[in-house]
S.K.: 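Let me begin by handing over the structure; questions about it come next.
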Amino acid sequence: MLLIRCPYCEEERPELEFRNAGEAHIARSANMAGESDDDFEKFFFIRSNPKGIIYERWRHMHGCARFFNAVRDTVTDKFVMTYKAGEPKPSTLPIVSNGVVAK
């Protein structure tokens, strides 16, 4: 079972308490009704799915119920870090002494 750290509750909890809410740091259009069908489809359904580091939104459903962002490695399924919603995307990620991205 994965453990996910909630940045609001400040503790690691089992993954069953959380729900993934998609890709993080997606800018919404100020005029969604004026978007073309293609742009509307891209915004709601087309997301990147990289191999490696990804930035996601999560919600602590069975805890504080707040949204937060997480950095996760899609290869290992390990969470690199979590941070509060509204905070900018981290410019650097934690590194351990051997050069590997830390947990």
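These numbers come from the heavy atoms of this one structure, side chains and all, not from hydrogens, waters or symmetry mates.
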S.K.: With side chains defined as the heavy atoms from C-beta onward, is the minimum distance between H62 and R19 less than 4.5 Å?
M.R.: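 Heavy-atom side-chain distance check passes, below 4.5 Å.
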S.K.: Just to verify, which of R13, R66, E17 counts as forming a side-chain hydrogen bond (donor to acceptor under 3.5 Å, both in side chains) with H60?
M.R.: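 Result for side-chain hydrogen bond (donor to acceptor under 3.5 Å, both in side chains) with H60: E17.
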S.K.: With W58, which of F67, Y83, F79 fulfils ring-ring contact (aromatic ring centres under 6.0 Å, His included)?
M.R.: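 Option passing the ring-ring contact (aromatic ring centres under 6.0 Å, His included) with W58: F79.
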S.K.: Whether the side chain of T82 engages the backbone of N69 through a donor-acceptor N/O pair (distance < 3.5 Å, no angle test) should be reported.
M.R.: no
S.K.: Which value, rounded to the nearest 0.5 Å, describes the distance between E23 atom CD and I54 atom CD1?
M.R.: 5.5 Å
S.K.: What is the minimum heavy-atom distance between P7 and K84, and which atoms define it?
M.R.: O-CE, 3.5 Å
S.K.: Identify the heavy atoms of M1 and P14 that sit nearest to each other, and give their distance.
M.R.: SD-CB, 3.1 Å
S.K.: Is R59 reaching over with its side chain to a backbone N or O of A65, donor-acceptor style, under 3.5 angstrom?
M.R.: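 Looks like yes, one N/O pair under 3.5 Å.
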S.K.: Using 0.5 Å steps for rounding, measure from the NZ atom of K89 to the NE2 atom of H25.
M.R.: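 Going from NZ on K89 over to NE2 on H25, the span is 6.0 Å.
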S.K.: How about D37: does its CG atom have over 12 heavy atoms from other parts shown lying under 6.0 Å from it?
M.R.: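 No, CG of D37 has 12 or fewer neighbouring heavy atoms, counting only those of other groups under 6.0 Å.
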S.K.: Could you give the distance from CD1 (I4) to NZ (K78), rounded to the nearest 0.5 Å?
M.R.: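 Result: 11.5 Å between the selected atoms.
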S.K.: CG/L2 to CD/E12 distance, rounded to the nearest 0.5 angstrom?
M.R.: 10.5 Å
S.K.: Of the non-hydrogen atoms in V75 and K51, which two are nearest, and what is the gap between them?
M.R.: CG2-CG, 3.5 Å
S.K.: How far apart are the closest heavy atoms of V80 and D73, and which atoms are they?
M.R.: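 Residues V80 and D73, closest heavy atoms: CG2-N, 4.4 Å.
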S.K.: Distance-only, no hydrogens or angles: does the E35 side chain make a donor-acceptor pair with backbone N or O of F40 under 3.5 Å?
M.R.: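 Not at all, since once roles are kept as given, no pair shorter than 3.5 Å links the two residues.
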S.K.: Would F68 and F18 count as a close aromatic pair, with their ring centres under 6.0 Å?
M.R.: yes
